[in-house]
A.B. asks: 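Pasting a structure here, questions to come.
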Amino acid sequence: MASFLALCLEFWLLAFLLSNALLLTFVKSDDGSTLLEIKKSFKDVDNVLFDWTNSPSSDYCVWRGVYCDNVTFNVASLNLSTLNLDGEISPAIGNLKDLVYIDFRGNKLSGQIPDEIGDCSSLKSLDFSFNEIDGDIPFSISKLKQLEMLILKNNQLIGPIPSTLSQIPNLKVLDLAQNKLSGEIPRLIYWNEVLQYLGLRGNNLVGSLSPDMCQLTGLWYFDVRNNSLTGSIPQDIGNCTAFQVLDLSYNQLSGEIPFNIGFLQVATLSLQGNHLSGKIPSVIGLMQALAVLDLSCNNLSGSIPPILGNLSYTEKLYLHSNKLSGSIPPELGNMSKLHYLELNDNLLVGHIPPELGKLTDLYDLNVANNQLEGPIPANLSSCTNLNSLNVHGNKLNGSIPSAFQKLESMTSLNLSFNNIRGPIPIELSRIGNLDTLDLSNNKISGSIPSPLGDLEHLLKLNLSRNHLTGFIPAEFGNLRSVMEMDLSSNHLSGMIPQELSQLQNMFLLRLEHNDLSGDVISLINCLSLNVLNVSYNNLAGEIPSSNNFSRFSPDSFIGNPGLCGYWLNSPCRESRPTERVTISKAAILGIAVGALVILFMILVAVCRPQNPKPFPDGSLDKPVSYSKPKLVILHMNMALHMYDDIMRMTENLSEKYIIGYGASSTVYKCVLKNCKPIAIKRLCTHYPQCLKAFETELETIGSIKHRNLVSLQGYSLSSSGNLLFYDYMENGSLWDILHDGKLLTSSVFDMSQILSKAANNAVMETVDPEITETCKDLGAVKKIFQLALLCTKRQPCDRPTMHEVTRVISSLLPPDTPPKQPTLPNLPTPLSSAKVPCYIDEYSNLKRPHMLNLPTMSTSDAQLFLKFGEVISQNSE
């Protein structure tokens, strides 16, 4: 009997387990079918729900966005946010009875919210935001007694806000912003003590603010911005002590700001964009928690309360676009955390307080369109984080503070429509981040500083309606980012710089009402120009009919009697009568000489040997290839300069900048952006041995530091010549010093004295005392002395090269320390006796220079150095 009972118990236990398993399978299969039904209503354009299938082996609890309860295996959470889903929300969603969280935000879902959503009785969070859902908010949502978060913002919902939402006892977040909801705010919502967040901005709500709003004792965020609310702010608004953000902006509220608003401890108070009137309550200065105070765009009057200076934690103060009068309180300089100060478009008078210079964290200062007078305080330059300064439309006078160069973070400077005088400070060019510079409609005089062309980030430049004179700087061609340039109504003269053709982003250029001359051809390549006005100048020539000029109206060119073209109904003459041209004798002689030079160059090229002796590093007939030129800077004096800057400053190494020649180089003078001159030595680059010479000079000069040697500031390799950048010596060349003698001191000998000392074996008297203390070999010193005399020959072709000088000096090293044979290229086969100096042949006979005995030198060697007197006589010619 006992065994029978045990068997029955086991049977019933097995049956119970099987029934539960079947039940779970049934429930599980129901949720899976519901999910597939929901999928049918979607348009899955990206196939992100590819794993949602009805395969027997498919487990919906692992499908994308699906999360199941660990015990019941029912769907508890459905997160399909930001999957680019289209289509509608299926009514089948109401079958997910155990659903707790729904997140469909950030898709393209349309249609209406199904009434069946109210059947999800376990729902705590519902987020359909950022879709295209339309229709009303279903009343069935009020059946969701567990709901804590209802977020439907940024859709196309219409109709009123259901008053039944107040029946949801646990609702903490209600965000219906950015829809098309209409009607009034249900008063019953104000009695929800649990509600913490109420977002209703961006709808079409009407009516007034209820005094019951302060019954929301748990609310910290109240936002009804950008609706059509009317009436006044409730007088007991100060009782809303829980509020941290109060945004009533951009409605149609009127009346005065209640005095007890000062009892609020909000961090953000936004009342802008209404019709509020009266004075700013001084009690606002006691709201120590304020981070943002925005009272702009109202009809507020009276003065700015000085007590606002007590708001030491306020970061943004917006009082612009009102009718505020009086002066700017100096106490505002005590708002140490202030980032934005907007006082523009009021009736303020007086001076700009220098105390504002204490606002070191200030990012934006705008006092435009007031009646302020006096100078611009120079100590505003202490606001080193200032990004934008706008004083447009006042009565400010004085000059532009040069101290503004300290405002390295500034991107926008607007001083227009004032009475500012004086020149444009060159220091403005050091505000490297500036993208907007507007100095228009002032009384600024003088010329335009050319360094303004260094403002590489400049997008808008307006210097119009001033008293500027001089030329338009060619450096403006460096403003590669500029989009608008207005220099009109000044007294500028000269030609329109050719460099402006480089401004390929410029769409507006206004130069009218100046004294400019020349033509407009330089603007033909400014293809982005949409607005051009060069009227009322002294321009002449033909108006181009190609490229972008066809889009400009005739008004762009009137007032220039010398201009002709289709636009002015003054076609240029096609042909002109033949005139007899008189050519002077000098011109004829110049043409003849030029032709002879060209002919001589052709003959040299033809007669030049085609197979010169190869060099160790490459072939003579194989030119050296160069990449894009780059400038290597070795000294801070040349900081912020590029290769293109050097070429522009010297007009691509124009002849007019040449200050000297060498045996294998030419020396130019260049004035840098900091007005300091440098000397540029250009070496030839056509063959590998020249590159070797360049590297040798770099190595030699870079390794020697002496007070009598000019320092190397940088170098560059380019196809137009390898460049070495040295300190510029103001007092001319060594040849000038030695032969003119004008700059010699009592301790320096002129050439005649040097010759006399050398002839009398008194060379050591002319040598630096530091050398005489360490070098006693008269023969070696004399030989170096005579080599130096060869280097002072007036004609560059008669001087030895750096390689030859190195070779001679190497031959003079003591025999106990044999020098390492330098890796130098072999000398090329002489082209002609006229081209190759005789000392090259003489030194080619020295086979073992380290064995040379100076007192008993070889015959050829002796002949070379005994000829120094002859060399000097040639130098003096």
Side-chain angles (χ1 to χ4, degrees), residues 416-417 423-424 436-450 452-453 455 458-574 648:
S416 60
F417 286 89
I424 300 175
T436 300
L437 177 59
D438 192 344
L439 308 180
S440 61
N441 289 273
N442 279 286
K443 298 178 181 179
I444 299 172
S445 57
S447 59
I448 302 176
S450 58
L452 290 183
L455 298 173
L458 201 63
L459 301 176
K460 179 180 178 181
L461 175 63
N462 193 343
L463 306 179
S464 63
R465 298 184 181 277
N466 280 287
H467 303 312
L468 297 172
T469 57
F471 300 150
I472 300 175
E475 287 77 4
F476 276 10
N478 296 327
L479 302 174
R480 303 300 173 86
S481 301
V482 76
M483 301 176 69
E484 300 181 30
M485 184 183 298
D486 191 347
L487 309 179
S488 61
S489 300
N490 281 285
H491 305 294
L492 300 174
S493 57
M495 302 179 66
I496 300 175
Q498 181 70 32
E499 287 79 1
L500 295 188
S501 63
Q502 303 173 16
L503 306 180
Q504 294 302 312
N505 293 317
M506 184 168 60
F507 69 83
L508 181 146
L509 177 61
R510 300 191 60 175
L511 304 175
E512 70 267 20
H513 293 283
N514 279 288
D515 299 319
L516 299 174
S517 57
D519 53 39
V520 294
I521 302 298
S522 58
L523 302 177
I524 195 171
N525 291 324
C526 296
L527 302 180
S528 60
L529 268 181
N530 285 322
V531 178
L532 172 67
N533 196 335
V534 294
S535 59
Y536 299 101
N537 280 281
N538 296 317
L539 300 172
E542 183 176 2
I543 302 173
S545 58
S546 58
N547 290 354
N548 58 326
F549 273 75
S550 59
R551 71 182 68 151
F552 304 135
S553 67
D555 293 341
S556 299
F557 306 103
I558 61 175
N560 293 281
L563 280 180
C564 59
Y566 172 78
W567 286 264
L568 300 179
N569 294 320
S570 175
C572 300
R573 300 176 61 179
E574 296 291 338
R648 175 174 51 80

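Values reported hereafter were calculated over all heavy atoms of this structure, with side chains retained and with hydrogens, waters and symmetry mates removed. From a predicted model like this one, the values you see are computed outputs, not experimental measurements.
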A.B. asks: Taking only residues two or more places apart in sequence or in another chain, which ones pass side chain to side chain donor-acceptor pair (under 3.5 Å) with T436?
C.D. replies: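 None.
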
A.B. asks: When you measure from the side chain of N537 to the backbone of L539, do you find a donor-acceptor pair of N or O atoms at a distance under 3.5 Å?
C.D. replies: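 Side chain of N537 to backbone of L539: no pair is present.
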
A.B. asks: Measuring from L508:CG to L532:CG, what's the distance to the nearest 0.5 Å?
C.D. replies: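 The CG atom of L532 is 9.0 Å from CG of L508, to the nearest 0.5 Å.
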
A.B. asks: Can you sort out the partners of S464 under side chain to side chain donor-acceptor pair (under 3.5 Å), two or more places apart, ordered by chain and number?
C.D. replies: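 Once residues adjacent in sequence are excluded, the partners of S464 under the side chain to side chain donor-acceptor pair (under 3.5 Å) criterion are N462.
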
A.B. asks: Name all pairs fulfilling the ring pair (Phe, Tyr, Trp, His ring centres under 6.0 Å) condition that reach into residues 485-521, sequence neighbours left out, sorted by first residue then second.
C.D. replies: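 Found H513-Y536.
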
A.B. asks: Tell me every residue that passes salt bridge (charged side-chain N to carboxylate O under 4.0 Å, His left out) with E499, counting only those two or more places apart in sequence or in another chain.
C.D. replies: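 Here no residue qualifies.
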
A.B. asks: State which residues pass side chain to side chain donor-acceptor pair (under 3.5 Å) with S556; sequence neighbours excluded, sorted by chain then number.
C.D. replies: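 S556 satisfies side chain to side chain donor-acceptor pair (under 3.5 Å) with no other residue.
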
A.B. asks: Give the minimum heavy-atom separation between L503 and F476, together with the two atoms involved.
C.D. replies: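 Result for this residue pair: CD2-O, 3.5 Å.
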
A.B. asks: Identify the two heavy atoms, one from V520 and one from V534, that lie closest to each other, and give their separation to 0.1 Å.
C.D. replies: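 Minimum heavy-atom separation between V520 and V534: CG1-CG2, 4.2 Å.
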
A.B. asks: Looking only at heavy atoms, which two atoms of S450 and P473 are closest? And how far apart?
C.D. replies: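 Closest pair (atom of S450, atom of P473, distance): CA-CB, 3.8 Å.
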
A.B. asks: So, the side chain of N505 versus the backbone of V482: is there a donor-acceptor pair under 3.5 Å, distance only?
C.D. replies: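 Side chain of N505 to backbone of V482, a donor-acceptor pair under 3.5 Å: no, none is there.
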
A.B. asks: Run L523 and I496 through side chain to side chain contact (heavy atoms under 4.5 Å, CB included) and show every step you take.
C.D. replies: CA-CA 8 Å; L523 302 177; I496 300 175; 4.0 Å; yes

A.B. asks: Could you list the residues that satisfy side chain to side chain donor-acceptor pair (under 3.5 Å) with E512, not counting sequence neighbours?
C.D. replies: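 Testing E512 for side chain to side chain donor-acceptor pair (under 3.5 Å), a comparison that skips the adjacent residues, returns R510.
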
A.B. asks: Closest heavy-atom contact between S445 and L468?
C.D. replies: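 Taking S445 first and L468 second, the nearest heavy atoms are O-CD2, 3.8 Å.
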
A.B. asks: According to side chain to side chain contact (heavy atoms under 4.5 Å, CB included), who are the partners of D555, at least two apart in sequence or on a separate chain?
C.D. replies: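 If we apply the side chain to side chain contact (heavy atoms under 4.5 Å, CB included) test to D555, skipping adjacent residues, the hits are S553, I558.
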
A.B. asks: Test your reading of the model: is there a side-chain donor-acceptor pair from N442 to the backbone of N466, 3.5 Å cut-off?
C.D. replies: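 Flag not set: sc N442 to bb N466 has no pair under 3.5 Å.
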
A.B. asks: Going by side chain to side chain contact (heavy atoms under 4.5 Å, CB included), name the residues that satisfy it together with S501, two or more places apart in sequence or in a different chain.
C.D. replies: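 For S501 the side chain to side chain contact (heavy atoms under 4.5 Å, CB included) partners, ignoring immediate neighbours, are Q498, N525.
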
A.B. asks: Are E542 and D519 packed together at the side-chain level, in the sense that at least one heavy-atom pair is separated by less than 4.5 angstrom?
C.D. replies: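 With C-beta onward as the side chain, the pair stays apart.
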
A.B. asks: What is the distance from atom CG of L492 to atom CD1 of I472, rounded to the nearest 0.5 Å?
C.D. replies: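 Nearest 0.5 Å value for the CG-CD1 distance: 5.5 Å.
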
A.B. asks: With sequence neighbours excluded, give me every side chain to side chain donor-acceptor pair (under 3.5 Å) pair touching residues 478-489.
C.D. replies: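 Only N478-R648, R480-Q502, D486-S488 qualify under side chain to side chain donor-acceptor pair (under 3.5 Å).
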
